[in-house]
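Have a look at the structure below before the remarks.
What you see is a predicted model; the values in this text were computed from it and never measured.
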Amino acid sequence: MAKLSTEELLDQFKEMTLIELSEFVKAFEETFEVTAAAPVAVAAAGAPAGGGEAAVEEEQAEFDVVLEAAGDKKIQVIKEVRSLTSLGLKEAKDLVDGAPKPVLEKVDKDTANKAKEQLEGAGATVTLK
């Protein structure tokens, strides 16, 4: 069998469905006894999005809490941002004014959900990534 170049391999991966790609990654991991470091990067590389994306999110261990909009209770949102972070008043206000911006990065699921509830309770629009 002829050795494939990186470009040829990428072209082959682009033609695969998410399910086929997932099965390939599992077989690769078993064969070489390794773990894929970033399965999300594979989906972003041009593979068609499908139902497999939800499975990737379930395996996600770290989340970013992103403030999308402050809403009409901006002062309460600033207070919540300050309580969640170590930011001062000016920095928290700048973060809220500059939305969409990440409030917390690379936190576990429980912390992310708790922060989202607090910010939404103050009137903000929040997403987890």
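- Ile75 and Leu119 are assigned to two separate hydrophobic clusters, defined by single-linkage of ILVMFWY side chains at heavy-atom distances under 4.5 Å.
- One finds no salt bridge joining Lys114 and Asp110 here, because no Lys/Arg side-chain nitrogen approaches an Asp/Glu carboxylate oxygen to under 4.0 Å.
- The side chain to side chain donor-acceptor pair (under 3.5 Å) analysis of residues 116-129, with sequence neighbours excluded, yields the pairs Glu68-Thr127.
- Interatomic distance, CD of Glu15 versus CG of Leu21, reported as 12.0 Å (0.5 Å rounding).
- Residues Phe63 and Leu104 form no side-chain contact, since every pair of their non-hydrogen atoms from C-beta on lies 4.5 Å or further apart.
- Between the side chain of Ser22 and the backbone N or O of Ile19 there is no donor-acceptor pair closer than 3.5 Å.
- One finds the CD atom of Gln12 at 10.5 Å from the CD atom of Glu20 (value rounded to the nearest 0.5 Å).
- Annotation for Ser5 and Glu8: closest pair N-OE1, 2.8 Å, computed over non-hydrogen atoms.
- The two residues Pro102 and Leu95 have their closest heavy-atom pair at O-CD1, 3.7 Å.
- Put simply, the side chain of Val66 does not reach to within 4.5 Å of the side chain of Val103, judged on heavy atoms.
- The two residues Val77 and Ala122 make their nearest non-hydrogen contact at CG2-O, 3.7 Å.
- Put simply, the side chain of Asp64 reaches to within 4.5 Å of the side chain of Lys106, judged on heavy atoms.
- Arg82 approaches Leu87 most closely through the heavy-atom pair NE-O, 3.5 Å.
- In this structure, the side chains of Lys74 and Asp97 come closer than 4.5 Å at one or more pairs of heavy atoms.
- The minimum heavy-atom distance between Leu67 and Ala124, with the atom names listed, is CD1-CB, 3.5 Å.
- Counting non-hydrogen atoms of neighbouring residues, nucleotides and ligands closer than 6.0 angstrom, the CG atom of Leu10 exceeds 12 such neighbours.
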